[in-house]
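Okay, handing you the structure first.
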Amino acid sequence: PVGRAVPCGRRPLRVLVGFSASTRRTLTNVRIDVWSDILCPFCHLGRRHLELALEQFEHRDEVGVVWHSFQLDRTAEPVDDVPAIDRVAARYGIPREQMVAQHEQMARDAASVGLDFQWERLRGGNSYDAHRLIHLARALGVEEPVTERVMRAWYSEGEAIGDPDTLVRLGVEGGLNEDAVRALLAGDDHGIDVRTDLALASQIGITSVPTFVLDQKYGVTGAQPVEVLLSSIRQVWDLRKLARRVLARVTAKDNIKFDGMSRVSHVTDATDWRVEYPFVVLTPDSEAAMASLVQGCIELGLTIIPRGG
């Protein structure tokens, strides 16, 4: 609903002024949701580019990043020892020489940002259990080291991340308890987390990775250069600054009371997902105050929703 003013026939006792689609609790934090697959070299590069972009962003501490599972091939066998070049070339009908040239270029791009892409050692397979392992690590507070260890093992060391024994070793090296990892792999714990990420990706139309969604509104697809990601983050940040200025402007008036925050669930269309918009609850005490508030929100492209009671 952002950017649309809702007319009201009579003065409500309260209104909600909405700024952007975000589940964060404040108007200052920016949220970035990222869908990626461990068995995707572009995702490794995209992750590194995002890290570098955030290192250059002046308000890094006010950005939250949430990683989501994605599987490029959900039907793959746990381990596939067919050379990655041959497998991808056959799947997409691309000449092998072209795939070799592409991977050589990816290796050069990776080296330029400090990554070691050993494409000739890549082993295929199914990433489902590796994603479950990362969700377990998130629940136990060691998501970052476990994710880094699993990704490096596939990307640089030629490990088969669909192999259970390999995942046990990598999980332990990343900081997890061995018994906890073996128990995870013996069942389907955290499978619901992976399937939820996949379903959400399908619902909002994500078909390729990496995909970055900023503030649950603005999408950036592919291993974009650092400057592109940095520019996108700054644009979303600027929108947040505008929201804060408006909030300060409308609540500075003696006849408009600030009553805290509220939330409104909304689905914009069939391809969007349900999000909770943060709204500021304001109470104008006169028709003139309401008219001033509505006009200010219209001018700045913000949403105003009448609320009774």
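In what follows, every heavy atom counts, from backbone to side chain, and hydrogens, waters and symmetry copies are set aside. The residues of the chain are indexed from 1 along the displayed sequence. All of these numbers come straight from a predicted model, not from anything done at the bench.
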Using 0.5 Å steps for rounding, measure from the CD atom of Q235 to the CD1 atom of I233.
10.5 Å
Any side-chain heavy atom of L185 sitting closer than 4.5 Å to one from V168?
yes
Looking only at atom types and distance, does a side-chain atom of R123 sit under 3.5 Å from a main-chain N or O of E159, one as donor and one as acceptor?
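No, R123 side chain to E159 backbone: no donor-acceptor pair under 3.5 Å.
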Near-ring test F70/H68, centroid separation under 6.0 angstrom
no
If you take all heavy atoms of D33 and Q216, which pair is closest and at what distance?
OD1-CG, 3.9 Å
Should L122 and F42 be counted in the same cluster of Ile, Leu, Val, Met, Phe, Trp and Tyr side chains packed under 4.5 Å apart?
yes
Please lay out, stage by stage, how I134 and I38 fare under the test side chain to side chain contact (heavy atoms under 4.5 Å, CB included).
CA-CA 10 Å; I134 290 172; I38 300 162; 3.7 Å; yes
Has T196 got a side-chain atom pairing as donor or acceptor with I192's backbone, closer than 3.5 angstrom?
yes
T166 OG1 to W154 CH2 distance, which is reported to the nearest 0.5 Å
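Going from OG1 on T166 over to CH2 on W154, the span is 14.5 Å.
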Can you give me the closest heavy-atom contact between S36 and W67, atom names plus distance?
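Result for this residue pair: OG-CE3, 3.9 Å.
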Do the charged groups of R234 and E58 touch, with an N to O distance under 4.0 Å?
yes
List the atom of T221, the atom of S208, and the distance in Å for their closest heavy-atom pair.
CG2-OG, 3.4 Å
Give a yes or no answer on whether the side chain of R48 reaches the backbone of L115 with a donor-acceptor pair at less than 3.5 Å.
no
Is the shortest side-chain N to carboxylate O distance from D179 to R182 below 4.0 Å?
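A salt bridge is absent here (no side-chain N lies under 4.0 Å from a carboxylate O).
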To the nearest 0.5 Å, what is the distance between CD on E104 and CH2 on W119?
5.0 Å
Does T147 reach the main-chain N or O of E144 with its side chain, forming a donor-acceptor pair under 3.5 Å?
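Such a contact is absent between T147 side chain and E144 backbone.
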Apply side chain to side chain contact (heavy atoms under 4.5 Å, CB included) to the pair R47 and E51, showing each step before the final yes or no.
CA-CA 6 Å; R47 187 185 186 97; E51 291 173 353; 4.2 Å; yes
Given the rule in the side chain to side chain contact (heavy atoms under 4.5 Å, CB included) test, do V65 and L54 qualify, once you have shown the distances and angles that lead to the verdict?
CA-CA 10 Å; V65 180; L54 290 174; 3.8 Å; yes
Give the minimum heavy-atom separation between R74 and N126, together with the two atoms involved.
O-ND2, 3.1 Å
Is there a continuous path of hydrophobic side-chain contacts, each under 4.5 Å between heavy atoms, that joins I94 to V100?
yes
Going by heavy atoms in the side chains, are L133 and I161 under 4.5 Å from each other?
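Side-chain contact under 4.5 Å: no.
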Examine distances only and state if a side-chain atom of W35 and a backbone atom of D197 form a donor-acceptor pair shorter than 3.5 Å.
yes
Side chains of F117 and H44, heavy atoms from C-beta outward: is any pair under 4.5 Å?
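SC-SC contact between F117 and H44 ruled out.
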Check: D37/H131 side-chain N/O donor and acceptor closer than 3.5 Å
yes
Evaluate side chain to side chain contact (heavy atoms under 4.5 Å, CB included) for L140 paired with L176, printing each intermediate quantity in order.
CA-CA 8 Å; L140 297 177; L176 289 171; 3.7 Å; yes
Near E148 CD, under 6.0 Å, is it more than 12 heavy atoms from other residues, nucleotides or ligands?
yes
Which atom pair, heavy atoms only, marks the closest approach of G46 to F212?
O-CZ, 3.7 Å
Quick one: CD1 on I206 to CD on Q203, what's the gap to the nearest 0.5 Å?
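Reported value, rounded in 0.5 Å steps: 11.0 Å.
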Let me confirm one number: the OG-CZ distance from S202 to R195, rounded to the nearest 0.5 Å.
15.0 Å
Shortest non-hydrogen contact between Y128 and G191, atoms and distance:
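Minimum heavy-atom contact is OH-CA, 3.1 Å.
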Output, in order, the C-alpha distance, side-chain angles, deciding distance and verdict of salt bridge (charged side-chain N to carboxylate O under 4.0 Å, His left out) for D73 and R87.
CA-CA 12 Å; D73 186 357; R87 184 178 61 255; over 6 Å; no
Salt bridge check: are D189 and R132 linked by an N-O gap of less than 4.0 Å?
no
Below 30° counts as parallel, above 60° as perpendicular, anything between as tilted: where do the rings of H135 and H190 land?
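Correct class here is parallel.
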Rounded to the nearest 0.5 Å, what separation is found between the NE2 atom of H49 and the CG atom of L229?
8.0 Å
Is it true that R60 and E55 make a salt bridge, defined as a side-chain N closer than 4.0 Å to a carboxylate O?
no
